[in-house]
Amino acid sequence: MSLHFNPRDVTWLAFNERVLQEAMDENVPLHLRIRFLGIFSNNLDEFFRVRVAGLKRAMDFKEKVIAESFYQPPSKILQRINEIVMTQQADFDKTWKKIQLEMAEQKVFIKTSKNLTAKQKEFVRQYFDEVVESNVIPILLHENTPMPYMRDKSLYLGVAMRKKDWNYHSNYAIIEIPSRFVGRFVLLPAEDPEEKNVMLLEDVITFNLPHIFSYFGYDEFSAHAFKVTKDAEMDIDNDIKTNFAEKIEKGLKNRRKGKPTRFVFDKDMDKAMLELLIRKLNLSKKDSIIPGGKIHNFKHFMDFPDVFEKYEKPIERTSFTHQAFEHGERVTDVILKQDVLLSFPYHTYTPVIDLLREAAMDPDVKSIQITAYRLASNSKISNALIYAARNGKEVTVMLELQARFDEESNLMWKEMFEPEGITVLIGIPDKKVHAKLCIIKKRVHNKTLQYGFVSTGNFNEKTAKIYGDHLIMTSDRGIMADINKVFTVLKKPKEDYLSVLKTCKKLMVCPQFMREKIVHHIDKEIEEAKAGRKAEMIIKANSVSDRALIIKMYEAAEAGVVIKMIVRGIYCAINQKEFKQKIKAISIVDEYLEHARVMYFYNKGSEDIYISSADWMNRNLDHRIEAAAKISDKNLKKEMKDILDIQLKDNVKARILDKKLSNEYISNGEKECRSQIETYKYLKAKTSVK
């Protein structure tokens with residue numbers, strides 16, 4: 001059988017197109033469509049900072065390495081990326097124009113420097129003087145001066161200035177838009193009380209250009225936005241004299257020097273200004289130089305002001321208390337009696353925080369150990385851990401300093417935790433710790449009790465409101481024993497740490513051993529299929545790109561195993577003609593971000609189900625510390641399987657993952673099933689208050 005794969009990066013762009021589809025869908029509320037445009041833009045920025053930058057570096061690799069990592073030559077993939085991005089950018093611009101027309105119907109207008117009333121002009125001048133001006137520092141550009149440092153996440157104005165005497169040549173300057181300090185959106189006074197006028201910060205600055213450059217006597221200005229996306233790879237040096245935290249700090253500073261991977265500009269920009277910028281940024285035709293509309297850095301539109309007609313949030317988009325905690329019992333007491341499966345954002349995240357708060361105050365609790373990858377900015381999880389340490393508990397936090405784009409935040413938490421007496425672990429060299437684990441130990445009547453939780457997502461109460469994840473709270477002895485083994489390795493990593501992880505029985509762990517156990521489960525299904533008996537597996541993940549597991553999946557499909565995949569993002573597998581059973585693969589993109597990883601294997605009717613922190617990617621399975629917990633409770637297994645079945649029935653927000661990456665919606669004539677709404681109804685029906 002000849003093997004075929006879709007390139008990882010091309011399938012990721014297909015995922016981002018699904019995000020754009022949500023912005024294009026007129027059935028989606030207007031404020032959410034704007035938010036999806038912001039998500040699309042932010043996704044694309046990170047894609048260019050990480051993946052495109054990696055492809056450009058890979059062009060120098062040996063052919064064998066390229067074949068194993070990318071499936072196609074990087075130059076060919078980069079060409080496809082540019083073609084796809086240009087098409088998506090055109091769709092994005094059309095969508096934004098259409099959305100603005102719908103905004104106008106609700107009397108919401110985005111004003112520019114050219115269409116202000118006299119009252120608004122005065123307001124904008126005053127706002128600039130009082131709020132903005134102190135944060136604006138223009139930099140003049142000359143042919144023979146070096147390009148100043150360009151901040152990766154910032155938006156800039158390219159300003160061309162001249163006098164009315166056209167014989168006098170233009171001068172040029174750039175201004176960084178200080179949205180980090182001021183905010184991107186300014187609400188203006190309006191003549192009509194029902195009208196909402198919003199002005200972007202760059203337009204406030206553009207309106208005030210004559211004031212900013214009054215010293216030079218220019219009387220004609222043109223200003224257009226642009227942004228530069230840079231390589232975000234962080235090189236960690238090998239200096240044995242510095243500790244790991246210091247190396248991360250140094251790597252963050254060096255990231256500033258990353259090479260540009262994309263230059264996006266207003267297509268109406270002054271041509272001489274554009275050419276000057278391209279020269280000074282040392283860009284060539286091989287680079288992604290993308291003309292766009294007037295507005296860039298659309299990521300801020302994820303937080304567009306609440307100026308629309310009153311939006312009644314559907315009851316199905318609210319969180320509720322899990323039935324196990326409805327009667328006011330302490331979370332600790334519940335967990336010591338039974339396992340609880342929380343599904344976010346349907347269930348409120350409060351029990352997780354309450355469990356840690358209870359542990360912080362409980363005189364019998366001796367220790368708390370937890371992993372942290374991305375914490376909320378004002379983390380209640382962190383506050384509970386700090387109070388636990390102040391109350392004399394032994395608190396250990398595995399803080400992943402290499403969590404991409406959260407490195408600075410995690411360094412800050414390290415500096416906050418350590419003075420409180422919290423032991424901060426920083427993991428194993430060359431292995432990110434991505435497992436989501438917590439174990440609490442208490443001593444009662446000379447007996448040690450252990451309990452905690454395992455999750456598919458970060459311990460972050462903010463993202464738990466919009467990310468679809470699962471978390472199992474348990475006192476299962478086997479799971480607790482395995483979590484202890486993981487923390488033993490994290491506390492004192494040795495060369496033989498893999499031999500310790502290999503002894504885990506209730507947790508599948510990475511590196512290596514989760515892969516081995518997944519293959520073992522698939523082999524058992526293949527054996528059953530070849531014997532003519534029922535064989536089935538369901539895999540839910542964010543990404544599926546690991547070549548070895550995809551090949552194993554092909555083998556299973558060829559043998560007749562029923563395979564169902566729910567994959568939000570990257571999906572490199574392709575259905576083959578030789579398969580006895582075609583792989584059913586769908587992607588669900590809706591208001592919540594589908595983030596959970598779940599594995600189901602029929603296993604002769606015993607139905608093995610795991611929730612996991614790991615995607616089916618080489619980096620997760622072989623180069624990270626990851627963990628998947630087996631669900632043992634019969635009722636919880638049924639609940640998890642029911643949720644998977646609901647998602648597989650989705651025919652509203654599910655798209656088919658096919659060879660052409662066409663993103664066609666599933667249309668099967670069945671009863672309408674929007675899985676996120678139906679999951680809410682299913683879980684809500686389990687509570688005592690209907």
Side-chain angles (χ1 to χ4, degrees), residues 322 324-325 329-342 351-372 381-399 417 420-425 427-428 433 435-455 459 471-494 496-497 499-509 513 610-611 613 625 627-633 636:
H322 188 284
F325 307 116
E329 268 189 280
R330 290 199 325 159
V331 177
T332 305
D333 296 334
V334 173
I335 301 311
L336 289 172
K337 288 187 292 188
Q338 68 179 86
D339 290 356
V340 176
L341 180 65
L342 294 173
V352 180
I353 299 163
D354 285 349
L355 185 68
L356 291 171
R357 284 177 172 163
E358 289 170 10
M361 294 183 287
D362 188 338
D364 294 328
V365 166
K366 303 304 177 186
S367 69
I368 303 171
Q369 299 179 98
I370 192 169
T371 59
I381 298 280
S382 298
N383 289 339
L385 296 172
I386 289 170
Y387 281 114
R390 289 177 181 175
N391 280 332
K393 318 300 179 190
E394 185 183 315
V395 180
T396 302
V397 180
M398 169 57 232
L399 195 60
F417 285 152
E420 298 286 351
I422 293 175
T423 300
V424 175
L425 307 177
I428 299 172
V433 179
K436 321 299 183 185
L437 305 170
C438 176
I439 182 168
I440 300 166
K441 296 180 186 179
K442 64 187 292 184
R443 191 81 176 158
V444 182
H445 305 308
N446 294 321
K447 183 180 178 183
T448 299
L449 300 177
Q450 300 183 90
Y451 54 99
F453 43 87
V454 181
S455 180
F459 301 139
L471 179 148
I472 187 163
M473 308 180 96
T474 182
S475 58
D476 182 285
R477 289 184 179 183
I479 290 177
M480 294 304 113
D482 288 350
I483 295 177
N484 273 318
K485 290 173 186 176
V486 174
F487 275 101
T488 297
V489 166
L490 295 176
K491 286 175 182 176
K492 292 184 179 179
K494 298 177 182 177
D496 64 343
Y497 73 88
S499 63
V500 177
L501 296 180
K502 192 171 187 176
T503 62
C504 291
K505 295 177 181 177
K506 276 292 190 84
L507 291 182
M508 284 190 192
V509 292
F513 306 115
Y610 299 84
I611 62 168
S613 62
I625 304 294
K630 187 174 184 177
I631 299 176
S632 300
D633 182 275
L636 298 188

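This is a predicted model, so every value here is computed, not measured. Note that the numbering runs from 1 along the sequence shown for the chain.
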Can [X] and [Y] be counted as an ion pair, charged N to O under 4.0 angstrom?
{"X": "Glu420", "Y": "Arg390", "answer": "yes"}
{"X": "Asp362", "Y": "Lys442", "answer": "yes"}
{"X": "Glu329", "Y": "Lys337", "answer": "yes"}

Q | Least distance between heavy atoms, Gln450 atom then Ile439 atom | A |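 Smallest interatomic distance, heavy atoms only, reads OE1-CD1, 3.4 Å.
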
Q. Which pair of heavy atoms, one from Cys438 and one from Leu356, lies closest together, and at what distance?
A. SG-CD2, 4.1 Å

Starting at [atom1] of [X], measure out to [atom2] of [Y] and round the result to the nearest 0.5 Å.
{"X": "Leu501", "Y": "Thr488", "atom1": "CG", "atom2": "OG1", "answer": "9.5 Å"}
{"X": "Leu342", "Y": "Ile472", "atom1": "CG", "atom2": "CD1", "answer": "9.5 Å"}
{"X": "Met361", "Y": "Thr332", "atom1": "CE", "atom2": "OG1", "answer": "9.0 Å"}

Q: Please check if any side-chain donor atom of Asp633 sits under 3.5 Å from a side-chain acceptor atom of Gln338, or the reverse.
A: no

Q. Does any donor atom in the side chain of Thr503 or Lys485 lie under 3.5 Å from an acceptor atom in the other side chain?
A.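 Indeed, the side chains of Thr503 and Lys485 share at least one donor-acceptor pair under 3.5 Å.
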
[X], [atom1] atom: more than 12 neighbouring heavy atoms under 6.0 Å:
{"X": "Phe513", "atom1": "CZ", "value": "yes"}
{"X": "Arg443", "atom1": "CZ", "value": "yes"}
{"X": "Lys502", "atom1": "NZ", "value": "no"}

Q. Which of these, Leu471, Ile335, Thr474, sits in a side-chain contact (heavy atoms from CB on, under 4.5 Å) with Phe453?
A.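 The single option meeting the side-chain contact (heavy atoms from CB on, under 4.5 Å) with Phe453 is Leu471.
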
Q) Is there side-chain contact between Leu399 and Leu425, with heavy atoms separated by less than 4.5 Å? A) no

Q: Please tell me if the side chains of Met508 and Lys630 come closer than 4.5 Å, counting only heavy atoms from C-beta onward.
A: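 Heavy-atom side-chain distance check fails, nothing below 4.5 Å.
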
Q: Output, in order, the C-alpha distance, side-chain angles, deciding distance and verdict of salt bridge (charged side-chain N to carboxylate O under 4.0 Å, His left out) for Lys506 and Asp476.
A: CA-CA 9 Å; Lys506 276 292 190 84; Asp476 182 285; 2.9 Å; yes

